[in-house]
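Model, not experiment: these values are computed from the prediction. Lettering of chains follows the sequences in order, A, B, ..., and the numbering in each one begins at 1.
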Amino acid sequence: MNKSVMIVGVGGQGTLLASRILGAALLNSGFTVKLSEVHGMSQRGGSVVTYVKYGEEIASPIIEKGEADIILAFEQLEAARWLEYMKPDGQVIVNTQKIDPMSVVIGDAVYPDGVIEAIEATGAKVLAFDALPIANEAGSSKAVNVVLIGAMAKYTDIPKETWIDAVKECVPAKFLNLNLKAFELGYNC
Amino acid sequence: MKKLLLGNEAVARGLYEAGVKVVSSYPGTPSTEVTEVAAKYDEIYCEWAPNEKVAMEVAYGAAVAGARSFCAMKHVGLNVAADPLFTASYTGINGGLVILVADDPGMHSSQNEQDSRHYAMASKLLMLEPSDSDECLKFAKIAYDLSERFDAPVILRETTRIAHSRSVAELSDRVELPDKEYVKNPQKYVMAPANAKIKHVVVEKRIADQTAFAEKEAVDLGINRVEYNDRKIGVIAAGVCYDYAKEALGSRASYLKLGCVYPLPVNLIKDFAAQCETVYVLEELDDFIETHCLKNGIKVIGKEKFSLIGEYSQSLIAKVILGEEKPTLKADIDIPVRPPVLCAGCPHRGLYYALKKAGVETVTGDIGCYTLGASKPIGMMDTCLCMGASISSLHGRNKANPAKANKSVAVIGDSTFIHSGVTGLINIAYNKSNSVSIILDNSITGMTGHQQNPTTGYTIKGDPTSAVNLEKLACAVGIPEGNVFVCDPYDLKQSEETIKSALACEGPAVVISRRPCALLKYVKHNPPLKVDREKCRSCKMCMKIGCPAISIKDGKAEIDATQCLGCNVCSQLCSFGAIE
């Protein structure tokens, strides 16, 4: 059975490291994996998305509307933006951080209230929490991505040990303890 | 060994394994990583060239000398390199030459959606198109064998989804090849009319031979492949469209997967089509394969049901062919768009503000991060066409409307200026233009992700080298010495005065707005700025520069300390000294 995960956020939030850890965990579990990301323009504060698909045989590298099993959102508006891409019985994991798009900053648009509630109102399963204080507790605000990966890990069929090995594989040695702590804290969210 | 590789990394690995010795490219999304990864192999000489034309000529020179060589570019880069491409098809090569072109359907980071397959047909060169990373690696290697066998460059085509997707590729060792001997042969390598007339005959014969290759041998090699399942639906596809079709239709359809997209086989397609009830050609962008089918009397469905515009997907194919759609959820809120913006601390921001203050009315723009200056709230760009056009089109504009010349400027980045802005500047000096060209020198090629260029003083491998002196270059092409200015875009007043001085000049002028990209590792930042809420009068002056670190919270300006790099551009705008 093929599974799909979308990692969405705002350029500069560290979504790429998260997708790398996920990719490593999946490969080490013996799955066939395809990962797709768009570089260039979208890196500069724009909406960013990484598609991760795994299973026995994966054809298309992208995820389309109604196909994702999990949406891992680094920012709440982005969770709402990409919600259509999730299966109706999928799982949203969302960091409640808010980042104003430029259209909001300059007053052309409004950052909507009640984003999480609007996602929940669709009937979607939602785990929403603020990953920033948890990352700070682990030792750095930059560990938000690993906290989120930790939170997602328990919604997959991959053993925890495999995840921890993947974190070890992907983060620099000098930040390893911090990131392992961040993963653990996220896992227990 | 198997490894999860980006399509572009897999191409680079293929070059390594094929024994490639020389790589020369100009960066361009989505092709850039091929050359960056190739540069990590000590066995490959690798460089960034000033533009794609130079890159292709370097690679061509190395190939004629007898070494396997390579160059990569995005689709619009091939327009720049089209001149050597067409005639390299006539001369042929010696050591193998492979040219990678990466198309960008959906325009994730491009200014048009051109279909580079037409270049293969127009230049009469064989083109391969892989469907995943493993094929990226394999096709890159096969391309060298075909290039040497047919004595012609081979084009490798990717689209964004193949270039920037990771999938597993099978790695093997590098084959060290002796260089082919170079033998003087002006009839082959000097394309004067008398020789070219003879070579054109060779080219036509070659394309016939390559068509025969596509019919039979390409199938034996697994490049072109027939997969029969249910025969009610037949699909002819290449590249990522094959992946989309497989996912959408699975065993409900049969497939003719074309790895060789030019020249296209005739009988292979005819035989496949004869076996299937309804045959679809699934191809993004133009009706390239479809036209070939129709020309050869093969009945297929293509653009009558599918678009010429944008990307395809498995869901589009399922919807059109099967009438199936997946259920979705939609949050009942208005979601504002989130386009990319100039980064916090970006030096371009201050320069754009200074242009506004200096009374500039028209800005001809160019390709790079600074193109984002066209968006609100900066809104300081009138045109953006192609690499280098800012300077040359400003000249045309000023010749047409000289009265507005002192209110008009061109803006162009350092790398883009070297790529093809310098020739426009020579034209300005030569043809006595009263034009002001502003070079936004941020000491790097920014938009494509920080590549070195001839102005930075470093090679692709990070070794120190000579750097173009932009001031001296401007003088050397004929800009009067007194008309060449330098300003620091973090200093708004100085930048504004400099621009005014340049606009007031007799004859052409150049302003070099110099400040390294804030994201460069060696750039030291000031501590983040803070807003004194007591002093803030909510005038929103600081919001006019579109800095992503500044927002309004509870009626007053607020600076996000995690984003702010302390560039002090906003503090210069605050009349109340509230930002410090």
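Contact of Tyr85(A) with chain B is not made at all, since no heavy-atom distance falls under 4.5 Å. Looking at Ala124(A), the atoms closer than 4.5 Å to chain B (heavy atoms on both sides) sit in the backbone and in the side chain alike. With a 4.5 Å cut-off on non-hydrogen atoms, Ile552(B) does not touch chain A at all. Of the atoms belonging to Gln76(A), not a single heavy atom falls under 4.5 Å from chain B. When heavy atoms are compared at a cutoff of 4.5 Å, Cys547(B) approaches chain A solely by way of its backbone atoms N, CA, C and O. Looking at Ala109(A), the atoms closer than 4.5 Å to chain B (heavy atoms on both sides) all sit in the side chain, from C-beta outward. Using a 4.5 Å cut-off between heavy atoms, Pro377(B) touches chain A through backbone and side chain atoms alike. Heavy-atom distances place no part of Leu26(A) under 4.5 Å from chain B, backbone and side chain included. Using a 4.5 Å cut-off between heavy atoms, Asp560(B) does not touch chain A at all. Contacts between Val52(A) and chain B at a heavy-atom distance below 4.5 Å are absent for every atom of the residue. If you measure heavy-atom distances from Asp108(A) to chain B, the contacts under 4.5 Å come from the side chain alone.
Ile62(A) and Tyr312(B) get closest at one heavy-atom pair: CD1-O, 4.4 Å. Of all the heavy atoms in Pro336(B) and Val110(A), the pair that sits closest is CG-O, 3.6 Å. Considering every non-hydrogen atom in both Leu83(A) and Ala331(B), the closest pair reads CD2-N, 3.9 Å. Contact record, Lys34(A) with Ser131(B): NZ-O, 4.5 Å, taken as the closest heavy-atom pair.
Thr32(A) has its side chain out of reach of Val168(B): every pair of non-hydrogen atoms, C-beta onward, lies at least 4.5 Å apart. Contact check for Val105(A) versus Ile550(B): no side-chain heavy atoms found under the 4.5 Å cut-off. Residues Lys65(A) and Ser315(B) form no side-chain contact, since every pair of their non-hydrogen atoms from C-beta on lies 4.5 Å or further apart. The shortest side-chain heavy-atom distance between Val337(B) and Pro101(A) does not fall under the 4.5 Å cut-off.
A donor atom on one side chain and an acceptor atom on the other are found under 3.5 Å apart for Ser60(A) and Gln314(B).
By the 6.0 Å contact criterion, CG on Asn188(A) is enclosed, its count of non-hydrogen atoms from other residues, nucleotides or ligands being greater than 12. The number of heavy atoms from other shown groups lying within 6.0 Å of NZ (Lys3(B)) does not exceed 12. Other residues, nucleotides and ligands place no more than 12 heavy atoms under 6.0 Å from the NZ atom of Lys319(B). Summarising the local packing, NZ of Lys376(B) is surrounded by 12 or fewer heavy atoms from other residues, nucleotides or ligands at distances under 6.0 Å.
Per-residue heavy-atom pair counts under 4.5 Å with chain A were compared for Lys2(B), Lys246(B), Arg161(B), and the maximum is reached by Arg161(B). The greatest number of non-hydrogen atom pairs below 4.5 Å with chain B, out of Met86(A), Glu78(A), Lys87(A), is found for Glu78(A). For the set Pro88(A), Gly66(A), Gly90(A), the entry with the most heavy-atom pairs within less than 4.5 Å of chain B is Pro88(A).
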Might you work through the side chain to side chain contact (heavy atoms under 4.5 Å, CB included) test for Val33(A) and Ser167(B), ending with a clear yes or no? CA-CA 6 Å; Val33(A) 181; Ser167(B) 58; over 6 Å; no

Check the pair Arg338(B) / Arg81(A) against side chain to side chain contact (heavy atoms under 4.5 Å, CB included), numbers first and verdict last. CA-CA 10 Å; Arg338(B) 193 188 297 275; Arg81(A) 187 188 313 281; 3.5 Å; yes

Would you please test Glu247(B) and Glu57(A) for side chain to side chain contact (heavy atoms under 4.5 Å, CB included) and show each step? CA-CA 10 Å; Glu247(B) 182 138 335; Glu57(A) 200 185 326; over 6 Å; no

Could you walk me through whether Lys326(B) and Glu64(A) pass the salt bridge (charged side-chain N to carboxylate O under 4.0 Å, His left out) check? CA-CA 9 Å; Lys326(B) 295 204 163 91; Glu64(A) 276 285 291; over 6 Å; no

Would Met543(B) and Ile106(A) satisfy side chain to side chain contact (heavy atoms under 4.5 Å, CB included), going step by step from the backbone distance to the final call? CA-CA 7 Å; Met543(B) 304 294 291; Ile106(A) 61 174; 5.7 Å; no

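Atom CG of Asp334(B) is separated from atom OH of Tyr111(A) by 13.5 Å, given to the nearest 0.5 angstrom. In this structure, Lys53(A) NZ and Ser165(B) OG are separated by 9.5 Å, a value rounded to the nearest 0.5 Å. Here the CG-CD1 distance, from Asp132(B) to Ile58(A), works out to 12.0 Å after rounding to the nearest 0.5 Å. In this structure, the separation between CZ on Arg166(B) and CD on Glu37(A) is 5.0 Å, given to the nearest 0.5 Å.
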